[in-house]
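Report on the structure given below.
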Amino acid sequence: MGSTQTLLKSLLQNPSSIKSKSQAKQLHAQIIKSRGFPPSLMTTILSIYSSLNLLRESLLIFNILPSPSILSWKSIIRCYTSHGLFLQSLISFVQMRASGKYPDHHIFPSVLKSCTSLMDLKLGESIHGCVIRLGLDFDLYTCNALMNMYGKLQTIGEVGGMRFCDSQKRIVGVDPNVELKQRSDVGSRRIDGKVLYHSCGKSNDIGMRKRDKEAFYMENVRKVFDRMPKRDLVSWNTVIAGSAQNGMYEEALMMVKEMGDADLKPDSFTLSSVLPIFAEYVDVSKGKEIHGYAIRHGFDFDVFIGSSLIDMYAKCTRVDDSRRVFCLLPHRDAISWNSVIAGCVQNGLFDEGLNFFRQMLMAKIKPRHVTFSSIMPACAHLTTLHMGKQLHGYIIRSGFLDNVFIASSLVDMYAKCGNICIARWIFDKMESPDMVSWTAIIMGYALHGHAHVALSLFRKMEMENVRPNYVAFVAVLTACSHAGLIDEAWKFFNSMIKDYGIAPGLEHYAAVADLLGRAGRLEEAYEFISNMHIEPAGSVWSTLLAACRVHKNIELAEKVAKKIFKLDPENMGSYILLSNIYSAAGRWNEAAKLRVAMKGRGMRKKPACSWIEVKNKVHAFMAGDNSHPYYDRINEALKVLLEQMEREGYVPNTDDVLHDVEEEQKRYILCIHSERLAIAFGIISTPAGTTIRVTKNLRVCVDCHTATKFISKIVGREIVVRDVSRFHHFKDGKCSCGDYW
DNA sequence: ATAGGGTTAG
């Protein structure tokens with residue numbers, strides 16, 4: 001017995017020597033058994049339980065304490081916070097204050113963390129007041145926690161008499177229904193590894209510019225930081241992370257330098273805050289420097305660094321490096337998977353993205369909300385409606401539908417998979433659609449040729465004070481261009497510049513030029529493009545070249561083509577267009593010369609490909625493709641269809657056939673166009689009366705367009721064809737595009 | 001005791 005007492009005494013004098021739950025419980029039992037133990041021993045046991053993070057055991061003791069000491073309160077608050085029970089933690093703090101106890105510097109970090117997690121800035125600020133009144137505002141840990149709070153919680157309220165309340169930040173791990181988001185005013189996008197920045201002009205809200213807002217959000221952090229008598233690595237990491245997360249990239253990078261001057265070395269926390277900056281800047285060489293530093297210091301197996309690296313390489317269009325980092329990671333969590341999936345999808349590797357997604361499920365890693373918004377664009381691009389619907393089901397079951405990112409990606413997916421009605425249904429159910437959601441649905445209607453719906457939605461968006469950006473104007477101008485609404489397009493184009501201060505980009509110019517050209521105002525279009533305030537790219541001139549073909553203006557076509565070949569010598573589409581123009585005019589020699597020139601440059605026509613999803617499987621067809629197992633049946637069906645079509649008055653239009661061959665041969669070439677194979681396969685392999693949905697990687701040709709109108713009538717089916725620029729809904733011998741596309 | 005990574009529209 002005596003030896004037990006001695007042991008107890010020595011253990012209690014050195015509580016940190018207790019490292020396991022069972023040891024702690026044994027000690028607890030021994031104390032209860034030894035009669036007449038002083039009540040203060042219970043507090044010691046409580047703090048041992050709390051330091052081992054044992055909430056249940058801590059509570060069992062805490063709840064029977066008649067008047068908990070400061071140490072007991074500290075233990076229980078800490079335990080609540082580390083279990084994510086932030087509300088309980090704050091309630092305990094308030095109860096402690098009510099009981100007349102003064103908190104010490106050990107309590108504030110936990111309490112401030114709870115405020116941060118619950119996004120309660122008001123309470124946090126009053127706790128800051130409390131800190132100051134108690135003279136604890138020089139405590140290292142408390143200050144670190146304060147800076148973290150101010151960096152994470154953006155202020156909602158009045159600043160200099162101007163109200164602003166957009167873009168709150170999301171805090172992970174709180175209420176899943178409270179999904180707030182952060183949005184940047186500056187968009188950037190990557191083309192061939194280069195990045196183009198476009199500013200959307202003024203800030204989203206009245207008065208305050210984005211820079212000012214960022215600075216304001218960080219002002220309190222800096223105030224605390226500058227007053228600190230002593231700063232440790234955590235202090236620096238907190239300011240650096242705060243600056244990086246609030247878009248103040250240059251400041252963040254400067255702080256890393258200053259940190260070095262203060263003789264502190266960047267650690268894995270620092271690096272994972274810095275890497276996203278180089279991802280945003282698309283600066284792979286700086287990113288690689290960080291990668292090298294991480295390897296030299298043994299941080300490269302850190303999951304946080306890993307996912308930042310995966311993302312950085314992917315954003316710099318280095319998908320292979322990105323995947324390599326992923327494969328080398330010894331431990332992968334949901335975020336590492338998200339990073340690699342998003343990386344693939346953002347770089348157009350949709351199949352690979354879906355593959356990683358499947359592997360993630362097989363590895364029993366639960367997808368998170370971000371996973372869905374990352375993978376959904378893959379379904380949208382591949383038109384895999386079946387997959388998209390499955391994901392939609394999963395999203396509903398997980399309760400993720402409230403998330404703006406996910407809902408917007410669903411709207412886009414349904415629209416791109418040809419189902420604009422469901423897209424609209426989801427959009428209408430959204431509580432507060434943001435600009436991206438609006439843009440997705442507007443673009444959806446634009447692609448389906450419902451220009452007037454798109455335009456009225458755009459106006460509605462403006463009326464609801466959602467400020468359109470660069471992309472939103474691309475969407476509304478696309479709507480105009482697909483419907484020939486030239487006057488409306490001019491209005492939007494001018495409003496974009498004058499009302500919103502957005503400088504028009506290539507897409508906007510292209511849409512207007514396309515409209516002018518197709519309305520036959522070729523010279524005007526030529527002038528318009530020539531007077532652009534930025535260098536017109538081949539893509540803009542191409543719209544005019546296409547218009548020249550429609551209006552059979554060979555002279556202008558040659559002039560325009562010359563410009564394109566000079567600007568963008570790799571632009572095959574233009575060679576083919578010009579060649580088509582020559583062919584249509586019967587100038588086979590010139591057409592042939594062009595084709596020889598193309599071959600000489602090693603250019604090959606992008607092979608036409610169409611695909612259709614039947615019974616959860618994608619069937620792809622190339623032009624003249626006889627590899628499909630049902631090829632004979634498809635051919636038979638096409639033959640029967642052709643006979644019926646001709647009886648109904650179908651006359652093949654061979655204008656688009658490039659080849660200088662006999663008319664009979666040309667007709668045959670038309671019949672084996674990839675979209676016809678896909679449509680015929682759809683007819684013979686799906687139940688009568690169901691809608692057929694086909695996707696094509698190029699634009700649908702004039703003759704196939706005519707043929708599909710006939711086919712839709714003959715088989716009594718709706719046929720939805722998504723080509724590279726829009727949707728065609730064929731029904732009863734008519735197409736939704738009204739033959740204007 | 002306090003600090004870090006991934007997402008939607010063109």
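Just so we're on the same page: letters track the sequence lines, and every chain starts at 1.
At least one side-chain nitrogen or oxygen of A:Lys416 sits closer than 4.0 Å to the OP1 or OP2 atom of B:dG10. The side chain of A:Gln245 contributes no N or O atom lying less than 4.0 Å from OP1 or OP2 of B:dA3. Neither OP1 nor OP2 of B:dT2 sits under 4.0 Å from any side-chain N or O of A:Asn148. In this structure, A:Lys152 does not reach the B:dT2 phosphate: none of its side-chain N or O atoms is under 4.0 Å from OP1 or OP2. OP1 or OP2 of B:dT7 has at least one side-chain nitrogen or oxygen of A:Lys315 nearer than 4.0 Å.
For A:Met435, the listed nucleotide lying nearest its side chain is B:dA9; candidates were B:dT8, B:dT7, B:dA9. Here the side chain of A:Tyr470 is nearest to one of B:dG4, B:dA3, B:dG10, namely B:dG10. Residue A:Gln346 has its side chain nearest to B:dT8 when only B:dT8, B:dA1, B:dG4 are considered. Comparing atom distances between the A:Asp333 side chain and each of B:dT2, B:dG4, B:dG5 picks out B:dG5 as nearest. Of the candidate nucleotides B:dA3, B:dG10, B:dT2, B:dG10 has the atom nearest to the side chain of A:Val474. Side-chain proximity of A:Val303 to B:dA9, B:dG5, B:dT7: nearest is B:dG5. Residue A:Ala342 places its side chain closer to B:dT7 than to any other of B:dT7, B:dT2, B:dG10. Among B:dT7, B:dA3, B:dT8, the nucleotide with an atom closest to any side-chain atom of A:Ser373 is B:dT7. Listed nucleotides B:dG4, B:dT8, B:dG10 differ in distance to A:Ser272; the shortest reach to its side chain belongs to B:dG4. Comparing B:dA9, B:dA3, B:dT7 against the side chain of A:Thr238 picks out B:dA3 as the nearest.
Judged by distance alone with a 3.5 Å cut-off, no donor-acceptor contact links the side chain of A:Asn144 to the base of B:dA1. In this model, a side-chain donor or acceptor of A:Ser408 finds a partner on the base of B:dT8 within 3.5 Å. For B:dG5, its base sits under 3.5 Å from the side chain of A:Ser307 at one donor and acceptor pair at least. In terms of polar N and O atoms assigned as donor or acceptor, the side chain of A:Asp302 never comes within less than 3.5 Å of the base of B:dG5 in a complementary pairing.
Here A:Ser539 pairs with A:Ala537 under the side chain to side chain contact (heavy atoms under 4.5 Å, CB included) rule; sequence neighbours left out. The side chain to side chain contact (heavy atoms under 4.5 Å, CB included) search around A:Ser481 returns A:Ala511, A:Asp514, A:Leu515, not counting sequence neighbours.
For the pair A:Ile502 CD1 and B:dA9 P, the computed distance is 18 Å after rounding to whole Å. Between A:Phe427 atom CZ and B:dT8 atom P there is a gap of 19 Å when expressed in whole angstrom units. Distance CD1 (A:Ile341) to P (B:dT8): 12 Å, rounded to an integer number of Å. Whole-Å rounding puts the A:Phe473 CZ to B:dG10 P distance at 17 Å. Following rounding to the nearest Å, A:Ile395 (CD1) and B:dT8 (C1') show an atom-to-atom distance of 11 Å. Atom CE in A:Met443 sits roughly 16 Å away from atom P in B:dT8 (whole-Å rounding). Following rounding to the nearest Å, A:Asp402 (CG) and B:dT7 (P) show an atom-to-atom distance of 21 Å. Taking atom CD1 on A:Ile70 and atom P on B:dA1, their separation rounds to 16 Å, with Å as the unit.
A:Ser336 comes within 4.0 angstrom of a nucleotide base, judged by non-hydrogen atoms across all strands. Backbone-only engagement by A:Lys113 is indicated by non-hydrogen atom pairs under 4.0 Å involving sugar-phosphate atoms exclusively. Residue A:Ser339 is in sugar-phosphate contact alone, with no base atom involved, counting any heavy-atom pair closer than 4.0 Å across all strands shown. Using a 4.0 Å heavy-atom distance criterion, A:Ser374 is classed as a sugar-phosphate-only contact.
The pair A:Lys74-A:Asp104 does not count as a salt bridge, with every side-chain nitrogen at least 4.0 angstrom from each carboxylate oxygen.
For the pair A:Arg231 and A:Phe225, the cation-pi test (distance below 6.0 Å, angle within 45°) is passed.
In this model, a donor atom of one side chain and an acceptor atom of the other lie less than 3.5 Å apart for A:Ser89 and A:Thr81. Between the side chains of A:Asn237 and A:Thr270, at least one donor N or O sits under 3.5 Å from an acceptor N or O.
The neighbour count for A:Lys389 NZ, taken as heavy atoms of other residues, nucleotides or ligands under 6.0 Å away, does not exceed 12.
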